[in-house]
Amino acid sequence: MIDPPAPAYITLDDNTIGTRQRYTYIRIVRSGDHRIRVRIDRDTYRAQSSATAEVLSEHLTWTHLVSEDPSTWHDQTTPPGHWSVHCSHELADLAERLLIRATTVLNG
(Lines give C-alpha, C1' and ligand atoms only; values in the text may rest on other atoms or scores of the structure.)
Protein backbone atom coordinates (compact mmCIF):
# COMPACT_ATOMS: atom_id res chain seq x y z
CA MET A 1 0.00 0.00 0.00
CA ILE A 2 1.27 3.48 -0.91
CA ASP A 3 1.40 6.08 1.86
CA PRO A 4 -0.65 9.25 1.27
CA PRO A 5 1.35 12.41 0.56
CA ALA A 6 2.49 14.43 3.57
CA PRO A 7 0.30 17.40 4.46
CA ALA A 8 1.29 20.72 2.93
CA TYR A 9 1.33 22.26 6.40
CA ILE A 10 1.48 21.42 10.09
CA THR A 11 -0.87 23.09 12.59
CA LEU A 12 1.04 24.99 15.29
CA ASP A 13 -1.92 26.63 17.05
CA ASP A 14 -5.69 26.41 16.85
CA ASN A 15 -7.84 28.78 18.91
CA THR A 16 -11.46 29.95 19.13
CA ILE A 17 -13.15 32.84 20.91
CA GLY A 18 -16.88 33.42 21.13
CA THR A 19 -19.38 35.97 22.40
CA ARG A 20 -23.09 36.49 21.80
CA GLN A 21 -22.25 38.84 18.90
CA ARG A 22 -19.27 37.13 17.24
CA TYR A 23 -17.06 34.10 17.15
CA THR A 24 -13.49 33.93 15.92
CA TYR A 25 -11.36 31.06 14.69
CA ILE A 26 -7.57 31.47 14.47
CA ARG A 27 -5.29 28.79 13.09
CA ILE A 28 -1.53 29.07 12.63
CA VAL A 29 0.32 26.55 10.47
CA ARG A 30 3.84 25.94 9.23
CA SER A 31 4.22 25.37 5.51
CA GLY A 32 7.85 24.85 4.58
CA ASP A 33 9.73 27.87 5.91
CA HIS A 34 6.53 29.94 6.23
CA ARG A 35 4.13 30.54 9.11
CA ILE A 36 0.57 31.23 7.95
CA ARG A 37 -2.23 32.57 10.13
CA VAL A 38 -5.88 32.18 9.17
CA ARG A 39 -8.30 34.41 11.06
CA ILE A 40 -12.04 34.19 10.55
CA ASP A 41 -14.42 36.51 12.38
CA ARG A 42 -18.09 35.52 12.08
CA ASP A 43 -20.15 38.45 13.33
CA THR A 44 -23.91 38.82 13.53
CA TYR A 45 -23.60 41.25 10.62
CA ARG A 46 -22.02 40.20 7.32
CA ALA A 47 -20.29 43.59 6.89
CA GLN A 48 -18.44 43.07 10.19
CA SER A 49 -17.30 39.53 9.33
CA SER A 50 -13.98 38.68 7.68
CA ALA A 51 -11.79 35.77 6.60
CA THR A 52 -8.09 36.29 5.88
CA ALA A 53 -4.79 34.44 5.64
CA GLU A 54 -1.52 36.15 6.45
CA VAL A 55 2.14 35.15 6.41
CA LEU A 56 4.63 35.97 9.16
CA SER A 57 7.39 38.15 7.69
CA GLU A 58 11.06 38.04 8.65
CA HIS A 59 10.33 41.17 10.74
CA LEU A 60 7.73 39.18 12.73
CA THR A 61 4.74 41.08 11.39
CA TRP A 62 1.72 39.51 9.68
CA THR A 63 1.38 40.33 5.98
CA HIS A 64 -1.93 39.85 4.15
CA LEU A 65 -1.97 37.08 1.54
CA VAL A 66 -5.57 36.21 0.67
CA SER A 67 -9.10 36.81 1.90
CA GLU A 68 -12.58 35.57 1.16
CA ASP A 69 -15.56 37.89 0.94
CA PRO A 70 -18.18 37.19 3.64
CA SER A 71 -20.86 37.04 0.95
CA THR A 72 -19.46 33.63 -0.04
CA TRP A 73 -19.69 32.03 3.41
CA HIS A 74 -21.57 34.13 5.99
CA ASP A 75 -25.06 32.79 5.25
CA GLN A 76 -23.84 29.17 5.33
CA THR A 77 -22.60 29.43 8.92
CA THR A 78 -24.46 29.40 12.23
CA PRO A 79 -25.10 32.86 13.71
CA PRO A 80 -23.28 33.78 16.93
CA GLY A 81 -25.15 33.44 20.19
CA HIS A 82 -25.97 29.77 19.79
CA TRP A 83 -24.13 28.07 22.64
CA SER A 84 -23.99 24.84 20.68
CA VAL A 85 -21.78 26.37 17.95
CA HIS A 86 -18.40 24.66 17.75
CA CYS A 87 -16.40 27.47 16.12
CA SER A 88 -13.52 25.43 14.70
CA HIS A 89 -15.87 22.86 13.13
CA GLU A 90 -18.17 25.59 11.85
CA LEU A 91 -15.33 27.43 10.08
CA ALA A 92 -12.95 24.54 9.29
CA ASP A 93 -13.82 24.27 5.59
CA LEU A 94 -13.37 28.01 5.06
CA ALA A 95 -10.05 27.94 6.94
CA GLU A 96 -8.90 25.06 4.77
CA ARG A 97 -9.79 26.94 1.56
CA LEU A 98 -7.82 29.96 2.77
CA LEU A 99 -4.81 27.79 3.69
CA ILE A 100 -4.81 26.14 0.27
CA ARG A 101 -4.95 29.51 -1.46
CA ALA A 102 -2.23 30.95 0.81
CA THR A 103 0.15 28.05 0.26
CA THR A 104 -0.47 28.29 -3.48
CA VAL A 105 0.48 31.98 -3.42
CA LEU A 106 3.63 31.28 -1.39
CA ASN A 107 4.73 28.22 -3.36
CA GLY A 108 3.38 29.14 -6.77
Side-chain angles (χ1 to χ4, degrees):
M1 183 171 176
I2 298 174
D3 290 333
Y9 42 82
I10 298 168
T11 299
L12 302 174
D13 191 30
D14 192 322
N15 192 14
T16 60
I17 304 163
T19 68
R20 292 185 330 177
Q21 300 287 88
R22 153 186 299 240
Y23 54 91
T24 300
Y25 178 51
I26 300 170
R27 183 172 170 196
I28 300 173
V29 303
R30 183 178 71 223
S31 177
D33 293 334
H34 303 287
R35 303 298 180 270
I36 302 168
R37 176 175 70 181
V38 169
R39 180 183 176 108
I40 305 169
D41 293 305
R42 201 312 187 169
D43 195 271
T44 304
Y45 301 103
R46 182 186 299 172
Q48 295 176 357
S49 298
S50 63
T52 61
E54 304 163 308
V55 64
L56 187 62
S57 75
E58 63 187 47
H59 303 291
L60 301 180
T61 58
W62 292 105
T63 302
H64 177 83
L65 281 175
V66 296
S67 59
E68 189 148 340
D69 191 283
S71 66
T72 66
W73 57 268
H74 188 269
D75 293 342
Q76 288 79 43
T77 56
T78 304
H82 295 268
W83 296 113
S84 62
V85 172
H86 192 283
C87 303
S88 59
H89 288 139
E90 189 75 26
L91 301 172
D93 289 342
L94 175 57
E96 194 68 23
R97 285 196 312 265
L98 287 165
L99 283 169
I100 290 168
R101 289 176 52 209
T103 55
T104 300
V105 167
L106 290 170
N107 300 323

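Quick caveat, the model's predicted, so the values are computed rather than measured.
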For this session: Examine Val29 and Leu56 and state if one hydrophobic cluster contains both, with Ile, Leu, Val, Met, Phe, Trp and Tyr joined whenever side-chain heavy atoms are less than 4.5 Å apart.
Result: no
Exercise. At what distance, to the nearest 0.5 angstrom, does CZ of Arg39 lie from CD1 of Ile17?
Worked result: 6.5 Å
Exercise. When rounded to the nearest 0.5 angstrom, what distance separates CZ in Arg27 from CG in Leu12?
Worked result: 10.0 Å
Exercise. Can any side-chain N or O of Thr44 pair as donor or acceptor with the backbone N or O of Gln21 at less than 3.5 Å?
Worked result: yes
Problem set entry | Ser49 versus Trp73, closest heavy-atom pair with distance | CB-CH2, 3.8 Å
Exercise. What distance do Ile28 atom CD1 and Tyr9 atom OH have between them, rounded to the nearest 0.5 Å?
Worked result: 14.5 Å
Would you list the atom pairs, donor with acceptor, under 3.5 Å between side chains in residues 59-66 and any protein atom, with sequence neighbours excluded?
| residue | atom | partner | partner atom | Å |
| --- | --- | --- | --- | --- |
| Thr61 | OG1 | Ser57 | OG | 3.0 |

Problem set entry | Gln48 backbone acceptor or donor facing Arg22 side chain under 3.5 Å | yes
Exercise. So does Arg37 pair up with Asp13, basic N to acidic O under 4.0 Å?
Worked result: no
Exercise. Do other residues, nucleotides or ligands put more than 12 heavy atoms under 6.0 Å from the CZ atom of Arg20?
Worked result: no
Exercise. Can you hop from Ile36 to Ile26 via hydrophobic side chains spaced under 4.5 Å?
Worked result: no
Problem set entry | Main-chain N/O of Glu90 paired with Tyr25 side-chain donor or acceptor, under 3.5 Å | no
Exercise. Residues two or more places apart in sequence or in another chain: which of them pass ring pair (Phe, Tyr, Trp, His ring centres under 6.0 Å) with His86?
Worked result: His89
Exercise. To the nearest 0.5 Å, what is the distance between CG (Leu91) and CG (Leu98)?
Worked result: 10.0 Å
Exercise. Distance from Ser31 atom OG to Ile100 atom CD1, nearest 0.5 Å?
Worked result: 11.5 Å
Problem set entry | Inter-residue atom distance Glu54.CD - Ser67.OG, 0.5 Å rounding | 10.0 Å
Problem set entry | Same apolar cluster (I L V M F W Y, side chains within < 4.5 Å links), Val105/Ile40 | yes
Seminar exercise, completed: Note: Ala102 and Ala53 closest approach over all heavy atoms is CB-CB, 4.0 Å
For this session: Please check if the side chain of His74 supplies one atom and the backbone of Asp43 the other of a donor-acceptor pair under 3.5 Å.
Result: yes
Exercise. Taking C-beta and beyond as the side chain, do Pro79 and Arg42 meet within less than 4.5 Å on heavy atoms?
Worked result: yes
